[in-house]
Amino acid sequence: MMEEKGRENGVAAMKACYRRFDPAAYLQYNYTPPRADFTRKDSIVPWKLACLHRAFTEGDMSGELLVDIGSGPTLYQVMSGCEVFSKVLLTDFLEVNRQELRRWLQDEGQCSLDWTPYLQHVCKLEGRRPSAWTEKAAKLRQVVADILPIDVHCSQPLAPDALPSAGADCLVSCFCLESVSPDLAAFTRALGHIGKLLRPGGHLMLIGALGESYYLAGPGVKIPVVPLNEAQVCTSLKESGYTLIRLEVYTLTQDMRVGVDDVTGVFFVKAKKD
């Protein structure tokens, strides 16, 4: 009983941290140069986009529905997947993030970040002209069916009728689970919870931070993170019913350490639900 209470308190404390999350500041800190410098192969964002492109185009994925778990205010993680799956659901716990995503999808302007360079870069990865980015943007807007609230700490993270009964064909989740979990056990449980949304044999793409204990989510807003290593990621996946296909690691260079977190590396995982 006490353990259960402690668990709930830890999750409640994490949720309280996120009340001050500032989407515009978060995007500025992490999704502009040097971390998003498309002229450099050793910049974090181009590395992530290349991992996702490869994972989505290897030919082993099938089905119709891709669900992005904890989208935050970002769209880059579904730019390759929208060419493979005919329906994409974006999800986030925070209404401010869902609002940010809606602004881009409804093409209202006033977005906190211009996603054009991202779309152009993914077009290049796909062997298309960078000018094809307008077609890709239109495609993405067409296939995103909804933006839903989610809570990865609930055993049913989405509303019961949000997905077809068979589940999603693929999940992608970037920098979500370790950033919203009070400890490693909660991270592992969250992996299990989202696994319930995925059909057996479906794929999971996971990107996350290694060795990170905090990040800034706005001026003076410090959010604690579970500091993970590669072995812990692999163990948590196995315990949660996934078979690892591939794990890749990016180690931050000195100039990528820009003072908004203490992350030392980024992992990319491609796995399959048992």
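Worth knowing before you read on, the calculation uses all heavy atoms, side chains too, and leaves out hydrogens, waters and symmetry mates. Since we're looking at a predicted model, the values are computed, not measured.
Residues Ala168 and Val67 approach most closely at CB-CG2, 3.7 Å, considering heavy atoms. The two residues Gln156 and Lys196 make their nearest non-hydrogen contact at NE2-CD, 4.3 Å. Nearest heavy-atom pair across Ile69 and Ile194 is CG2-CG2, 3.8 Å. Between Ala190 and Ser181 the shortest heavy-atom distance is CB-OG, 4.5 Å. Here the closest heavy-atom approach between residue Leu244 and residue Cys234 is recorded as CD2-SG, 3.8 Å. The two residues Ala186 and Pro182 have their closest heavy-atom pair at CB-CD, 3.6 Å.
You'll find the side chain of Leu191 stays beyond 4.5 Å of the side chain of Glu239, heavy atoms only. Here the side chains of Pro73 and Ser112 are not in contact, with every heavy-atom distance at 4.5 Å or above. Looking at Asp37 and Asp42, their side chains never come closer than 4.5 Å, going by heavy atoms from C-beta outward.
At a threshold of 4.5 Å between side-chain heavy atoms, the hydrophobic network of Ile, Leu, Val, Met, Phe, Trp and Tyr places Val180 and Tyr29 in two separate groups. Under a hydrophobic clustering in which Ile, Leu, Val, Met, Phe, Trp and Tyr are joined whenever their side-chain heavy atoms come within less than 4.5 Å, directly or via other members, Leu171 and Leu148 fall into the same cluster. Under the 4.5 Å side-chain heavy-atom criterion for ILVMFWY residues, no single connected hydrophobic cluster contains both Leu206 and Ile245. Under the 4.5 Å side-chain heavy-atom criterion for grouping Ile, Leu, Val, Met, Phe, Trp and Tyr, Leu89 is connected to Leu105 within one hydrophobic cluster. Taken together through direct or relayed side-chain contacts under 4.5 Å among Ile, Leu, Val, Met, Phe, Trp and Tyr, Val258 and Met256 form parts of separate hydrophobic clusters.
Judged purely by atom type and a 3.5 angstrom limit, Glu83 has no side-chain atom pairing as donor or acceptor with the backbone of Ser80. Using a distance-only test at 3.5 Å, with no hydrogens or angles considered, a donor-acceptor pair links the side chain of Lys270 to the main chain of Ala55. Under a 3.5 Å cut-off, the side chain of Thr188 and the backbone N or O of Ser236 do not form any donor-acceptor pair. Here the side chain of Glu64 pairs no donor or acceptor atom with the backbone of Asp169 at under 3.5 angstrom. Using a distance-only test at 3.5 Å, with no hydrogens or angles considered, no donor-acceptor pair links the side chain of Lys272 to the main chain of Gly202. Thr91 contributes a side-chain N or O that, together with a main-chain N or O of Asp68, makes up a donor-acceptor pair within less than 3.5 Å. Checked by atom type and distance alone, the side chain of Arg98 pairs as donor or acceptor with a backbone atom of Asp92 at under 3.5 Å. Distance alone, capped at 3.5 Å, is enough to place a donor-acceptor pair between the Tyr242 side chain and the Gly195 backbone. Side chain of Arg35 to backbone of Ile44: no donor-acceptor contact under 3.5 angstrom is found. When atom types are taken as modelled, the side chain of His193 and the backbone of Val152 share a donor-acceptor pair closer than 3.5 angstrom.
Atom CG in Leu90 sits 11.0 Å away from atom CZ in Arg102 (nearest 0.5 Å). Taking OG of Ser43 as the reference point, atom CG of Leu49 lies at 9.5 Å (rounded to 0.5 Å). Rounding to the nearest 0.5 angstrom, the gap separating the CG atom in Leu247 from the SG atom in Cys51 is 9.5 Å. Interatomic distance, Lys136 NZ to Thr116 OG1, rounded to the nearest 0.5 Å: 13.5 Å. Expressed to the nearest 0.5 Å, how far CE of Met79 lies from CD of Gln120 amounts to 10.5 Å. If you take CG on Leu113 and CG on Leu75, they are separated by 9.0 Å, rounding to the nearest 0.5 Å.
Lys48 has no carboxylate O lying under 4.0 Å from a charged side-chain N of Glu248, or vice versa, which leaves the two without a salt bridge. Electrostatic pairing of Lys222 and Asp261 does not count as a salt bridge here, judged by no charged N lying under 4.0 Å from a carboxylate O. A salt bridge links Arg40 to Asp255: at least one charged side-chain nitrogen sits closer than 4.0 Å to a carboxylate oxygen.
Checked by atom type, the side-chain pair Glu212/Thr264 shows no donor-acceptor distance below 3.5 Å. Between the side chains of Thr74 and Gln77, at least one donor N or O sits under 3.5 Å from an acceptor N or O.
Note: Tyr31 and Tyr76 meet the aromatic proximity criterion, with ring centroids under 6.0 Å apart. For Tyr215 and Phe175, the gap between ring centers reaches or exceeds 6.0 Å. Between Phe21 and Tyr26, the distance separating the two ring centers is shorter than 6.0 angstrom.
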Lys15/Asp151 under salt bridge (Lys or Arg N to Asp or Glu O under 4.0 Å): CA gap, chis, key distance, verdict: CA-CA 10 Å; Lys15 287 177 179 173; Asp151 185 344; 2.6 Å; yes
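Taking the six-membered ring where the residue is Trp, Tyr250 and Trp47 present tilted rings, their angle falling between 30° and 60°.
For the pair Arg141 and Trp104, the cation-pi test (distance below 6.0 Å, angle within 45°) is passed.
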